[in-house]
Amino acid sequence: MPRERSPNRDKAFEVWRDSNGEISNREIAIQLGISEKTVGGWKAKDRWIEKLNGVLQTNERSTPKRAGAPKHNQNAVGNRGGAPLQNDNAVTHGFFRKYFPEAVHELLADVAAMSELDKLWMSIQTQFTAIIHAQKVMFVSDSEDHSDFQTKKISGESMDVEEYERQWSFQKQANFLSAQARAMSELRSSIKTFLELADESDL
């Protein structure tokens, strides 16, 4: 029989949401009389950041509003309202903004706001999704299934020379099983680490 959901799970999110994501996991834990790891686990599993971004919208914007660095972020010291929008503090003194393309700046800001447990849980989800997707991408239909890959092409005045390498079904399947074994090993390791960091009530 599944364990009953803790009523503090929803309360913790409400406290965090009402603070616009500025309150720390430790402060929430103290308020509710639970462990900080429990709060971190709920935050990752229940996707608090995505939920908050989904409600922080104005009539003028269809995308989530950015609130700059969190209130207690060290990079915002000396600034009453937190770091201003689009500042470079949250990306290590502008290093990422200087060298990374503009398209990833918003992603980096989101990542900077995530806890380590959040990042680990997202990594686990991504790993497992990739493993499932590989079942289709690396599918071998039968023993006659094969793929031809061009390895060389030489163009001359009189003729063109092309060389191909054929990979038979047993080779494709062997490569798939080897890759899957490595991926499953990494997934198990990530899950083990998450279980060590997360509280039992997160499960």
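Position 1 is the first residue of the sequence; numbering continues from there.
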>> Quiz question: by atom type and distance under 3.5 Å, do the side chains of T126 and S123 form a donor-acceptor pair?
In response: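 No, no side-chain donor-acceptor pair sits under 3.5 Å.
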>> Is it the case that the side chains of T193 and E196 hold a donor-acceptor pair, with the cut-off being a distance below 3.5 Å and no angle test?
In response: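 Judged by distance alone, the side chains do not pair up.
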> Does the Q135 side chain pair with the main chain of I132, one donor and one acceptor, at a distance under 3.5 Å?
Replying inline: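 Pair absent, no side-chain N/O of Q135 close to backbone of I132.
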> Do side-chain atoms of T38 reach the backbone of I34 as a donor and acceptor pair under 3.5 angstrom?
Replying inline: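 Pair absent, no side-chain N/O of T38 close to backbone of I34.
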> Is any side-chain N of the basic residue among D46 and R9 closer than 4.0 Å to the acidic one's carboxylate O?
Replying inline: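 Salt bridge flag = yes for R9 with D46.
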> Do K119 and E116 meet the salt-bridge criterion of a basic N to acidic O distance under 4.0 Å?
Replying inline: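 Result for this pair is yes, salt bridge flagged.
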> What residues, two or more places apart in sequence or in another chain, satisfy side-chain contact (heavy atoms from CB on, under 4.5 Å) together with A12?
Replying inline: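 So A12 forms a side-chain contact (heavy atoms from CB on, under 4.5 Å) with I28, L32, W42, W48.
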> Step by step, would you call Q125 with R47 a side-chain contact (heavy atoms from CB on, under 4.5 Å)?
Replying inline: CA-CA 12 Å; Q125 292 178 304; R47 300 174 177 270; 2.9 Å; yes
Working to the nearest 0.5 Å, report the span between [atom1] of [X] and [atom2] of [Y].
X    : Y    : atom1 : atom2 : result
L52  : W16  : CG    : CH2   : 4.5 Å
E36  : S24  : CD    : OG    : 6.5 Å
Q31  : N8   : CD    : CG    : 11.0 Å
M184 : Q127 : CE    : CD    : 10.0 Å
T129 : H133 : OG1   : NE2   : 10.5 Å
I131 : E186 : CD1   : CD    : 9.5 Å

>> Between I191 and F128, does the side-chain contact (heavy atoms from CB on, under 4.5 Å) criterion hold? Intermediate values first, please.
In response: CA-CA 10 Å; I191 292 175; F128 186 63; over 6 Å; no
>> With a 6.0 Å cut-off (strictly less than), is the heavy-atom count around CZ of F176, excluding the residue itself, greater than 12?
In response: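 More than 12 heavy atoms, drawn from other residues, nucleotides or ligands, come within 6.0 Å of this atom.
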>> Under 6.0 Å from the ring centre and within 45 degrees of the ring axis: does the NZ or CZ of K51 meet both conditions for the six-membered ring of F13?
In response: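 Judged by the rule, K51 and F13 form a cation-pi pair.
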>> Walk me through whether K43 and L117 qualify under side-chain contact (heavy atoms from CB on, under 4.5 Å).
In response: CA-CA 9 Å; K43 183 178 181 182; L117 203 59; over 6 Å; no
> Is there a side-chain contact between F194 and K45 (heavy atoms, below 4.5 Å)?
Replying inline: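 When only atoms from C-beta onward are counted, K45 and F194 do touch, with a gap below 4.5 Å.
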> With sequence neighbours left out, what residues match S178 under side chain to side chain donor-acceptor pair (under 3.5 Å)?
Replying inline: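 S178 satisfies side chain to side chain donor-acceptor pair (under 3.5 Å) with R182 only.
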>> Check for me, please, whether I124 and L195 land in the same ILVMFWY cluster - side-chain distances under 4.5 Å, paths through other members count.
In response: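 They do share one cluster, since a chain of ILVMFWY contacts under 4.5 Å joins I124 to L195.
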